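One-based numbering, in listed order, for ligands and for the atoms of each. Everything numeric here is computed off the predicted structure, so don't read it as measured data.
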Amino acid sequence: TGHITLDRGFMNTASCFSSITYLDGDKGILNYRGYSIEDLAANCSFVEVSYLILHGELPNYQELEHFRHDMNRFALLHEDMIHFFDHFPPNASPMSILSTTINSLHNFYPEMTAKTDPYGGISVTTARLLAKVRTIAAFSYKKSNGYPLVYPSHKLNYCENFLNMMFDRPNIPYEIKPEVTAALNKLLILHADHEQNCSTSTVRLVGSAQVNLYASISAGVSALWGPLHGGANQAVIEMLEEIHESGDDYNYYIEKAKDKNDPFRLAGFGHRVYKTFDPRARIIKEACHEMLASMNVHDPLLDIAFELEERVLRDDYFISRNLYPNVDFYSGIIYRAMGIPTDMFTVMFALGRLPGWIAQWTEMHADPNTKIGRPRQIYTGYKQRAFVPMYER
Ligand code: CMC
C-alpha cells in the first residue's frame, strides 16, 4: 500500500483540482472564478453570482433572464412535500428539517439521479435546487410559528421572494425594503463558495460514491450545522447575548476562551486558512453598519461585537495565533435586523453556499480522473490476537 502520511483534519492535503474559488489565506483574498468578492458583492445579485460560480462566466442579460425564469419555474414544492413540515415537533431544528427535506427531493424528482438533469443540464438543476431550498427554508419557518404558508411569487426576484415567503401574512402585509434585499443579496454572495471547506468536502466525498446530488447536498447541510463550521453564526449571537446578560463581562469570556482546560472558544474567531482578516468579515461588518443605520435599528449586540473584536485584536493570545473575526462574526447581526430567528442563521448560510456545493459536485463529476474518496489511516490497535471463547472472557 506504500507509505501513508498522517494529516489530521487535512491541514495540508489537496483532494482535487478546482477552478472555482481562489483563496489566499495570508493576504485575505477571496475570488470566485477570478473575480474578487469585493467587486461581486458591490455589483451583482446572488443569482448572477450563482450563475458565475456554476458556469465559470458572468451571465449576459439573456442568460441571466433565463436563469431567473427557471428559478421561478421550479420554486414550488410538490404539494405532498408540504405535509412533511406538519410532522416535525414544533421546536425542531430548521437545519435538521432542511437536510431531511433536501434528501427527500430525490424521491419527488428522481430523474436527476446521476450526473446531469435530462431537463436541460446542470443550470436547470441548480435553479431547481436554489429555488426549492429557498421555499423549504421559508416553509419550515412558517410551520414552526404555526403561520399559513406563503407561496413563491413569479413577480418577485430571488431575495424578495424569500423575504416575502418568510414574513408576509394574510393579515399583516410585509413591505419588502430595498436595503434589506440588498443586504441579503450581499450576504448570500459572500457565502456562495469557499473551496474545500468541511461541508463542501463532504458533498464531494459523498458524491464521489456516485450518489445523487440531493443526497450529497443533504450531507453538506449536516456538516454545515456544526458550531465549528456554519453553526458558528448562531453561536456568535448566543455568545453576544450571554455577554450582554452578564453585564458586559468581556474579560470573563476572553479568559475562558484562552483557558486550555476549558473547551469554550470565541465563536466567530479563527479560521483554518485565513491567518489575517477574513475578507468576507470586512465586507459584512461594513454592511452591518449601513443596514442598521438605514433601518434605524440600534442593536446593543453590535456594540458588544465591536468591543469584543477590539479587545481580541489587542490580546497576545489571539495575536500570536492569528485569530481574526471570520465570516460568521457579523452576519448574525444583519440576520437579526432582518427579523430572521437565530436558529435559522445556519439555514441562511446553507442557502448561500448552495451554488458552491453544486458547482463543486459538478466539477468533480466532470473530471475523468475523479476517484471515490477513501482516506487511509494509521492503525494503532492490536494486529492479531488469539480468539477468546465466551466462557474465558
Ligand atoms: N477561540 C479561542 N481559541 C481559538 C479559537 C477561538 N475561536 N480558534 C482557534 N483557537 C486556538 C486553538 O485553541 C489553538 O490554540 P493552541 O495552538 O494553543 O492549541 C489555535 O488557536 C489554533 O486553532 P485550531 O483549532 O488548531 O485551528 P483549526 O484550523 O483546526 O480550527 C476553527 C479553525 C475555525 C475551527 C477554529 O478557529 C474555531 O473553532 N473557531 C470558532 C468557531 C468558528 O468561528 N467557526 C467558523 C469558521 S469560519 C466559516 C465557517 O466555516 O463557517
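Rounded to the nearest 0.5 Å, atoms CD1 (I136) and CE (M81) are 5.0 Å apart.
The aromatic rings of Y174 and F167 are tilted relative to each other, their planes meeting at an angle between 30° and 60°. In this structure, H289 and F306 have tilted ring planes: the angle between them lies in the 30° to 60° band.
Near R272, with a cut-off below 4.0 Å to any heavy atom, the atoms of ligand 1 are 28 (P), 29 (O), 30 (O), 33 (C). Distances below 4.0 Å separate heavy atoms of G268 from the following atoms of ligand 1: 43 (C), 44 (O). Here is the list of ligand 1 atoms found below 4.0 Å of a heavy atom in G230: 52 (O). Against a heavy-atom cut-off of under 4.0 Å, A232 is close to the following atoms of ligand 1: 43 (C), 44 (O), 45 (N), 46 (C). Using a 4.0 Å cut-off to heavy atoms of K260, the atoms of ligand 1 that qualify are 15 (O), 16 (P), 18 (O), 19 (O). Shown in contact with F349 at under 4.0 Å from a heavy atom are these atoms of ligand 1, numbered in order with element: 52 (O). Remark: ligand 1 atoms within the under-4.0 Å shell around heavy atoms of L323 are 3 (N), 4 (C), 5 (C), 8 (N), 9 (C), 10 (N), 11 (C), 21 (O). Each of the atoms 1 (N), 6 (C), 7 (N), 41 (C) of ligand 1 lies under 4.0 Å from some heavy atom of L266.
Among all non-hydrogen protein atoms, the one lying nearest atom 11 (C) of ligand 1 is Y317 OH, 3.5 Å. When only non-hydrogen protein atoms are considered, atom 34 (C) of ligand 1 lies nearest to G270 O, 3.7 Å. The nearest protein atom to atom 40 (N) of ligand 1, hydrogens excluded, is given as F269 O, 2.9 Å; this is a heavy-atom distance. Among protein heavy atoms, the minimum distance from atom 51 (O) of ligand 1 is reached at H229 ND1, 2.7 Å. In this structure, atom 42 (C) of ligand 1 lies nearest to the protein heavy atom P227 O, 3.9 Å. Considering only non-hydrogen protein atoms, atom 15 (O) of ligand 1 sits nearest to R321 NE, 3.1 Å.
Using a 4.0 Å threshold on non-hydrogen atoms, atom 27 (O) of ligand 1 does not count as touching the protein. Protein heavy atoms come within 4.0 Å of atom 18 (O) of ligand 1. Taking a distance limit of 4.0 Å, we find that atom 49 (C) of ligand 1 is approached by some protein heavy atom.
Neither side chain, Q234 nor D343, offers a donor N or O lying under 3.5 Å from an acceptor on the other. In the model, D26 has no side-chain atom that pairs as donor or acceptor with a side-chain atom of T276 under 3.5 Å.
The six-membered or imidazole ring of F46 lies away from that of H191, with a centre-to-centre distance of 6.0 Å or more. Residues F264 and Y252 place their aromatic rings such that the two centres sit no closer than 6.0 Å.
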For residues 324-334, please give each side-chain donor-acceptor pair under 3.5 Å, one per line with the distance, not counting sequence neighbours.
residue	atom	partner	partner atom	Å
N326	OD1	D328	N	3.0
N326	ND2	G268	O	3.4
N326	ND2	G270	O	2.9
Y330	OH	E309	OE1	2.4

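Using a 4.5 Å cut-off on side-chain heavy atoms (C-beta onward), Y51 and L58 make no contact. At a threshold of 4.5 Å between non-hydrogen side-chain atoms, the residues I378 and T5 do not count as touching.
For the side-chain contact (heavy atoms from CB on, under 4.5 Å) with H194, the qualifying choice from I20, T200, L30 is L30, the only one to do so.
Both the sub-6.0 Å distance and the 45° axial angle are not jointly satisfied by R68 relative to the ring of Y158.
In R265, the parts holding a heavy atom less than 4.0 Å from any atom of ligand 1 are both the side chain and the backbone. Of all the heavy atoms of L228, the ones lying under 4.0 Å from any atom of ligand 1 are found in both the backbone and the side chain.
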